[in-house]
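None of these values were measured; they are calculated from a predicted model. Heavy-atom basis, side chains included; hydrogens, waters and symmetry copies ignored. Positions are given from 1 along the sequence.
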Amino acid sequence: MSSQGTADAVHRHQQLGLTDGEVLDMYKYMLLARKFDERCLLLQRAGKINFHVSGVGQEAAQVGAAFGLDRDHDYFLPYYRDYGFVMAVGMTPRELMLSAFAKAEDPNSGGRQMPGHFGHKKLRIVTGSSPVTTQVPHAVGFALAAKMQKKEFVSFVTFGEGSSNQGDFHEGANFAGVHKLPVIIMCENNQYAISVPIHKQLSGKISDRALGYGFPGLRVDGNDALEVYAAVKEARQRAITGEGPTLIEAMMYRLSPHSTSDNDLAYRTKEEVEENWKKDGVLRMKNYLIECGIWDEARDADLASQLALEMKEATEYADNAPYPKPEDTLTHVYADSEEGGR
């Protein structure tokens with residue numbers, strides 16, 4: 001949180017067009033994502049689920065971005081850490097737990113893909129695949145469809161800075177720039193790939209790469225949900241008015257290991273992680289709301305209890321839900337024979 005006076009802090013979200021209720025909802029989604037992450041880490045250690053990729057430390061940027069979009073019309077292509085984002089656009093903890101437990105009711109893939117491979121047709125979350133950053137050219141394709149069909153929606157895609165060096169990112173960005181497509185490309189720069197620090201990955205800013213493709217690129221504080229919100233909202237306005245794509249580099253820090261298969265202290269120090277916890281975006285938003293006078297510790301404790309109960313219900317439901325049947329393997333793989341022949 002900045003050192004602005006209370007009067008400035010009170011009005012910051014309002015100046016951005018957000019009501020008190022909306023900014024409180026942003027915080028609730030951020031905390032919900034954090035609680036989901038914490039529960040999944042415990043479930044994996046207890047042997048109840050097999051694997052978890054954490055998004056701890058990235059919730060502020062994810063939720064801020066979601067609120068800057070049209071959550072009723074835009075198309076979303078998130079990457080595997082985006083729990084805060086997908087919940088902010090409509091996915092429920094129960095749905096995500098069904099995915100974590102690999103159960104048949106999982107709306108992402110019917111329990112057939114690893115957790116974090118989001119996909120929800122009703123919410124326009126486009127299914128993801130395991131190869132990193134393949135979602136960027138897919139998002140560009142959706143943006144091309146919007147332009148060809150003259151429809152007023154944008155596509156929004158996220159990825160980590162490690163995969164920004166993949167060809168898919170550059171090919172997608174180039175095509176989007178050439179055709180001035182309504183796509184927002186956001187890198188969640190958490191300063192580590194799996195185990196490689198940022199200074200061994202990049203020699204410059206990811207946001208500067210947009211210049212070579214002919215559209216704006218900007219770097220924002222990914223621990224500040226309001227700053228990300230403002231950047232995404234402006235990028236969306238550019239997109240729907242025909243001004244083309246925007247590349248946003250949201251700077252943050254991965255506070256947890258890469259996944260439950262990772263020992264992060266093999267490549268970074270405990271002191272470094274602890275120092276970055278002081279910049280945690282969830283705590284930053286909580287403090288901002290308290291400073292604004294629209295939140296307090298008692299309500300925060302009540303919210304935490306409410307979310308704990310929500311996680312408990314989601315966990316119990318998913319744990320007891322049926323697994324996919326062997327014959328479900330080919331469900332949704334091939335088109336119906338009658339429809340496919342038309």
Side-chain angles (χ1 to χ4, degrees), residues 1-3 26-27 29-45 51-65 78-85 115-116 132-133 158-166 169 186-209 217-228 231 247-288 300 304:
M1 185 171 59
S2 70
S3 58
M26 288 176 72
Y27 174 63
Y29 280 118
M30 290 164 61
L31 193 58
L32 181 64
R34 179 66 56 86
K35 296 298 182 185
F36 174 79
D37 247 313
E38 292 171 350
R39 177 58 63 93
C40 284
L41 289 169
L42 289 173
L43 289 169
Q44 194 277 335
R45 290 170 187 153
F51 184 74
H52 179 65
V53 180
S54 174
V56 172
Q58 302 184 213
E59 301 94 343
Q62 294 170 10
V63 175
Y79 92 125
Y80 51 82
R81 298 189 191 278
D82 279 4
Y83 307 109
F85 180 85
V132 293
T133 317
T158 58
F159 51 94
E161 88 288 344
S163 64
S164 71
N165 301 315
Q166 298 289 111
F169 164 79
M186 188 172 96
C187 174
E188 296 182 29
N189 188 337
N190 63 24
Q191 302 181 51
Y192 279 93
I194 293 179
S195 60
V196 181
I198 189 171
H199 68 272
K200 292 185 178 180
Q201 300 176 52
L202 305 166
S203 59
K205 296 180 180 178
I206 291 169
S207 55
D208 287 346
R209 295 176 178 179
L218 66 154
R219 176 181 276 191
V220 296
D221 182 354
N223 292 315
D224 186 338
L226 297 180
E227 185 173 331
V228 177
L247 172 62
I248 299 171
E249 181 182 11
M251 301 301 295
M252 59 194 70
Y253 188 86
R254 170 162 58 78
L255 292 168
S256 56
H258 171 75
S259 71
T260 49
S261 300
D262 173 42
N263 174 18
D264 62 317
L265 296 183
Y267 54 83
R268 61 182 182 179
T269 65
K270 182 180 179 181
E271 291 73 22
E272 177 186 312
V273 177
E274 289 176 347
E275 188 63 27
N276 278 279
W277 269 105
K278 298 175 184 177
K279 306 173 187 177
D280 178 23
V282 177
L283 179 61
R284 183 172 181 172
M285 178 61 89
K286 173 187 169 182
N287 290 338
Y288 169 78
D300 199 71

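- Distance CE/Met251 to CG/Asn189: 4.0 Å, rounded to 0.5 Å.
- The shortest distance between side-chain heavy atoms of Asn165 and Thr133 does not fall below 4.5 Å.
- Separating the CZ atom in Arg209 from the OG atom in Ser164 is a distance of 4.0 Å, to the nearest 0.5 Å.
- Counting only distance, with no hydrogens or angles, the side chain of Glu249 and the backbone of Val220 share no donor-acceptor pair below 3.5 Å.
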Handout entry: CA sep, side-chain torsions, deciding dist, call: Leu283, Trp277, side-chain contact (heavy atoms from CB on, under 4.5 Å)
Key = CA-CA 9 Å; Leu283 179 61; Trp277 269 105; over 6 Å; no
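- Summarising the geometry, atom CG belonging to Asn190 is positioned 5.0 Å from atom CD belonging to Glu161; distances are rounded to the nearest 0.5 Å.
- When the options Gln62, Glu59, Lys286 are evaluated for a side chain to side chain contact (heavy atoms under 4.5 Å, CB included) with Met30, the one that passes is Glu59.
- Side-chain polar atoms of Tyr267 and Asp262 form a donor-acceptor pair below 3.5 angstrom.
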Handout entry: CA sep, side-chain torsions, deciding dist, call: Arg284, Asp221, side-chain contact (heavy atoms from CB on, under 4.5 Å)
Key = CA-CA 12 Å; Arg284 183 172 181 172; Asp221 182 354; 2.7 Å; yes
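- What you find for Gly162 and Ala193 is that their closest heavy atoms are CA-CB, 4.1 Å.
- Taking a 6.0 Å sphere around CD1 of Ile194, one finds it holds 12 or fewer heavy atoms contributed by other residues, nucleotides or ligands.
- Considering all non-hydrogen atoms of both residues, Leu218 and Ala231 come closest at CD1-CB, 3.9 Å.
- To the nearest 0.5 Å, atoms CD1 (Ile198) and CD (Gln201) are separated by 6.5 Å.
- Using cut-offs of 30° and 60° on the angle between ring planes, the pair Phe169 and Phe159 is tilted.
- Side-chain contact between Val56 and Arg34 is present, with at least one heavy-atom pair separated by less than 4.5 Å.
- Taking each heavy atom of Asn223 and Gly57 in turn, the nearest pair found is OD1-O, 3.9 Å.
- Donor-acceptor pairing under 3.5 Å is recorded for the side chains of Glu272 and Tyr253.
- Looking only at atom types and distance, the side chain of Arg39 has no donor-acceptor partner in the side chain of His52 under 3.5 Å away.
- Contact detail for Gly160 and Tyr79: the closest heavy-atom pair is N-CE1, 3.5 Å.
- For the atom pair Arg219 CZ and Asp208 CG, the distance stands at 7.5 Å (nearest 0.5 Å).
- Atoms OH and OG, from Tyr80 and Ser259 in turn, are 9.0 Å apart once rounded to the nearest 0.5 Å.
- Scanning all heavy atoms of the two residues, the minimum distance from Asp264 to Pro257 falls at OD1-CG, 3.4 Å.
- Inter-residue side-chain proximity for Tyr83 and Val53 is flagged as met; some heavy-atom pair is nearer than 4.5 Å.
- Within the 4.5 Å cutoff, the side chain of Arg254 has heavy atoms near those of the Gln58 side chain.
- Between Ala60 and Gly281, the shortest heavy-atom distance links the atoms CB-CA, 4.1 Å.
- Side-chain atoms of Leu226 and Tyr288, non-hydrogen and from C-beta on, do get closer than 4.5 Å to each other.
- Between Val63 and Met285 the shortest side-chain heavy-atom distance does not fall below 4.5 Å.
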